[in-house]
Amino acid sequence: LKRLGFSYDWTKEVTTYEPEYYRWNQWMFTKMYEKGLAYKKFASVNWCDTCNTVLANEQAENGICWRCESPVLQKKLEQWFFKITAYADDLLKGHDELTGNWPEQVLTMQKNWIGRSTGLTVNFKLESGADFPIYTTRPDTIYGVTFMVIAPEHPFLDSVKDPKVKAFIEKIKTQSTIERTSEDKEKEGIDTGIKITNPFTGEKVPLFIGNFVLMDYGTGAIMAVPAHDTRDFAFAKKYSIPIKLVIDNPHTPIDVKTMTEAYVDEGVCVNSGPFNGISNKDAIEKISDFCEEKKYGKREVNYRIRDWLISRQRYWGCPIPMIYCDTCGMLPVPEKNLPVVLPTQVDFKGDSRSPLIHMDEFLKCTCPKCGTPARRETDTMDTFVDSSWYYSKFTSPGSKEIFDTNAINYWMPVDQYIGGIEHAVLHLLYARFFSMVMFDMGLLKSKEPFNRLLTQGMVIKDGSKMRKSKGNTVDPDGIIEKYGADTVRLFMLFASPPQKDLDWSDKGVEGSFRFIMRVWRFIHKHKNVYIKNFKLDGMQLSDTLQNLRIELHRTIKIVTRDIEERAQYNTAIARMMELTNTLYQADEKELATTEGHQVLSEVFSTFIPMLAPFVPHFAEELWETLGNTVSLTTAEWPSFIEELTKRDEIELVFQVNGKIREKIQVPADISKEDMEKMAMSSDRIQDFIAGKQIKKVIAIPGKLVNIVVV
RNA sequence: GCCGAAGUGGUGGAAUUGGCAGACGCAGCGGACUCAAAAUCCGCCGGGGGUAACUCCGUGAGGGUUCAAGUCCCUCCUUCGGCACCA
């Protein structure tokens with residue numbers, strides 16, 4: 001990083017493994033515990049056997065551990081969670097603010113991950129008269145229910161006696177996540193013999209256990225409408241369950257007997273009691289109203305996102321600051337006793353458990369309430385907790401409180417954040433959640449942590465992402481040795497826009513080196529003409545010099561926009577290469593005049609600062625060569641004169657029927673009428689329109705004239 | 001299956017709101033300089049036809065809108081990414 005000349009402010013460095021940093025993790029945790037945003041629950045969780053720890057949903061990618069790529073199992077364990085679901089709506093609403101400044105792709109991924117759906121929770125009835133609640137987003141199909149399905153893990157099934165049913169439940173429970181969600185997942189189920197009553201129709205339908213119903217979404221049980229749901233249809237066919245049509249295709253009526261797949265499109269309600277004849281779209285609202293009036297159930301919002309499981313059975317991490325007392329129960333460590341320091345003198349026993357469990361000096365403590373012996377929580381926090389708020393700690397790394405108020409209000413939110421797309425539903429979601437929690441605690445003045453986000457592409461080498469663990473990295477030292485650090489910087493920025501993936505190749509690195517050397521030679525050749533306080537006001541310039549000035553100001557404008565607004569550095573560099581080409585093509589005799597010296601002085605005093613962010617060492621050296629004594633790092637970014645970004649003459653294009661037939665040079669301020677006249681009087685245009693009828697003439701000022709003939 | 005992004009010369013990639021497709025590089029070809037080479041400077045560089053002026057075609061494929069489409073709309077193909085029994 002140092003050889004490449006990156007400008008980090010190391011006085012703001014923070015280190016997440018230092019107790020002085022992670023004490024604030026613990027402080028945040030206790031605050032969140034007080035607010036009910038951190039809680040412990042016994043739940044089925046993702047477990048990685050290789051890492052010997054649980055994982056968050058976001059970290060169990062397709063049933064594979066994100067760190068070691070081994071299959072994830074489900075285990076029932078008591079674990080700590082952050083209640084990110086309480087912020088699901090805020091996280092979604094915040095997207096409005098981010099639209100345009102965050103890549104659409106990231107917003108979409110987060111939106112899908114949060115997975116908000118609106119529907120109806122309906123209480124079906126057991127024979128005992130007790131409620132059997134289900135969740136549906138398709139109230140319009142409720143008259144078509146022919147069976148019900150419940151998740152194998154559902155506690156409702158604990159009382160089931162039938163040995164065949166019990167055996168089925170055990171079989172499904174032992175399957176791994178991958179087995180249960182594999183590609184050729186066959187829907188499997190068994191009839192419990194229990195009958196459930198549909199409050200809308202009074203019909204009694206069988207209750208099945210199904211491997212495809214998820215315990216932790218909705219109520220863990222569903223109503224099944226085979227006529228209008230693909231999964232229900234397949235299940236009904238397999239177990240010979242009746243199918244009842246309640247939405248008909250208004251164009252070609254459906255015959256239930258000959259149906260080969262569920263009808264999932266829009267249509268008209270049939271067999272639906274009072275709702276017959278209306279469109280199913282209207283029926284969604286009408287049936288929901290009816291349901292609420294009759295007190296069968298109520299409208300509800302559900303989310304796909306799960307609470308963030310943050311406990312880890314890893315030793316290396318920030319200890320969760322909780323104490324267990326036999327008399328007082330579970331208590332957070334009081335603020336004055338923070339941080340709970342992770343012991344670094346540890347003895348790894350070689351078993352799968354955290355060494356903290358064997359360390360009495362860590363484990364044993366006194367209850368902060370009653371003073372009797374108690375023990376500490378031995379789980380540590382997910383490392384993603386550290387990175388969920390570090391950006392705000394950068395504002396005041398040494399502060400006694402979590403943040404220095406003035407500093408945090410000055411710096412936050414982050415103007416420009418940069419990261420990989422792989423963090424779309426991991427770090428970027430967690431960081432937004434934390435930022436919102438900190439906002440609600442009054443720590444931050446903005447809800448969103450990052451105003452603008454740029455997701456840079458991956459660097460690909462030999463077909464896969466360049467990474468240390470793959471061993472396909474390219475060391476820049478070789479190229480630095482040969483061409484210098486600035487060439488490496490320039491080349492990488494010039495190769496492609498930062499958002500795009502880049503297939504690494506050093507082909508073309510010569511071009512960047514050549515450009516730098518071209519600039520070097522030109523400036524050294526003319527360094528003696530440089531006037532510090534040049535004065536171009538009121539000077540009459542020759543066409544060549546005026547043109548050079550215009551090119552300069554256009555370049556400043558474009559480069560400024562490419563950096564500030566577009567983050568497209570390759571085109572900024574291309575533009576500076578063009579300016580260099582113009583300099584080389586300028587008449588040496590004209591450059592040697594007094595006016596020429598003035599113009600060159602303007603060029604040098606703006607071009608070099610423009611180069612500085614790309615090639616800082618090189619620019620600094622040239623700057624000094626010109627006799628400047630103050631470093632470029634404190635120089636102002638060059639400004640441009642808008643008037644000088646406009647050319648006096650422009651090239652006008654004449655088209656006949658959309659095809660270019662002639663190009664001519666005209667004054668830039670030519671009127672629309674004159675443009676048309678010139679086009680009409682052109683000999684070449686006349687050749688093309690002679691004897692034809694002119695239908696239309698389109699003139700776009702400053703651009704072209706198109707004559708439409710038939 | 002659903003959602004999203006992308007597809008432009010030999011090659012990396014350009015192209016404000018629809019307005020000259022291929023900027024700027026790399027590779028290649030030619031010229032100048034040199035005893036020669038390197039470096040440098042200058043020029044050419046999508047395809048077909050034509051001696052030439054010029055002309056026709058061309059942004060994954062096929063349609064459409066428009067005076068005008070790489071850009072907008074529809075259908076499809078390919079690649080990459082995300083979600084994936086979410087009821």
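Just so it is clear: chains get the letters A, B, ... in the order the sequence lines come, proteins before strands, and each one is counted from 1.
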Write out a two-atom table: protein N or O, nucleotide N or O from nucleotides 19-22 of chain B, distance below 3.5 Å.
{"unit_1": "B/C20", "atom_1": "O2", "unit_2": "A/Lys663", "atom_2": "NZ", "d": "2.5"}
{"unit_1": "B/C20", "atom_1": "N3", "unit_2": "A/Glu651", "atom_2": "OE1", "d": "3.0"}
{"unit_1": "B/C20", "atom_1": "N4", "unit_2": "A/Glu651", "atom_2": "OE1", "d": "3.3"}

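The only member of A/Leu490, A/Val615, A/Ile573 that meets side-chain contact (heavy atoms from CB on, under 4.5 Å) when paired with A/Ser512 is A/Leu490.
Among B/C67, B/C85, B/C41, the nucleotide with an atom closest to any side-chain atom of A/Val708 is B/C67. In this structure, of B/A87, B/C54, B/U40, it is B/C54 that holds the atom nearest to the side chain of A/Arg684. Closest contact between the side chain of A/Lys187 and the listed nucleotides B/G4, B/C85, B/C41 involves B/C85. Considering only the side chain of A/Glu578, B/A23 comes nearest among B/C57, B/A87, B/A23.
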Worksheet item: Going through the checks in order, is the side chain to side chain contact (heavy atoms under 4.5 Å, CB included) test met by A/Met223 and A/Asn198?
Response: CA-CA 9 Å; A/Met223 65 178 210; A/Asn198 182 343; over 6 Å; no
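Taking the six-membered ring where the residue is Trp, the centroids of A/Phe235 and A/Phe212 are separated by under 6.0 Å. The distance between the ring centers of A/Phe156 and A/Phe132 falls below 6.0 angstrom.
A cation-pi arrangement is absent between A/Arg684 and A/Phe654 under the rule of less than 6.0 angstrom and at most 45 degrees off the ring axis.
Distance check on atom C1': B/A32 versus B/U17 gives 46 Å, rounded to whole Å. Taking atom P in both B/C41 and B/C24, one finds a spacing of 15 Å when rounded to whole Å. B/U66 and B/G60 are spaced 23 Å apart, taking the P atom of each and rounding to whole Å. The P atoms of B/G70 and B/U8 are separated by 15 Å, rounded to the nearest whole Å. Taking atom P on both nucleotides, B/C29 is separated from B/G46 by 16 Å, rounded to a whole Å.
In this structure, A/Ile114 atom CD1 and B/G82 atom C1' are separated by 14 Å, rounded to whole Å.
Using a 4.0 Å heavy-atom distance criterion, A/Arg661 is classed as a sugar-phosphate-only contact.
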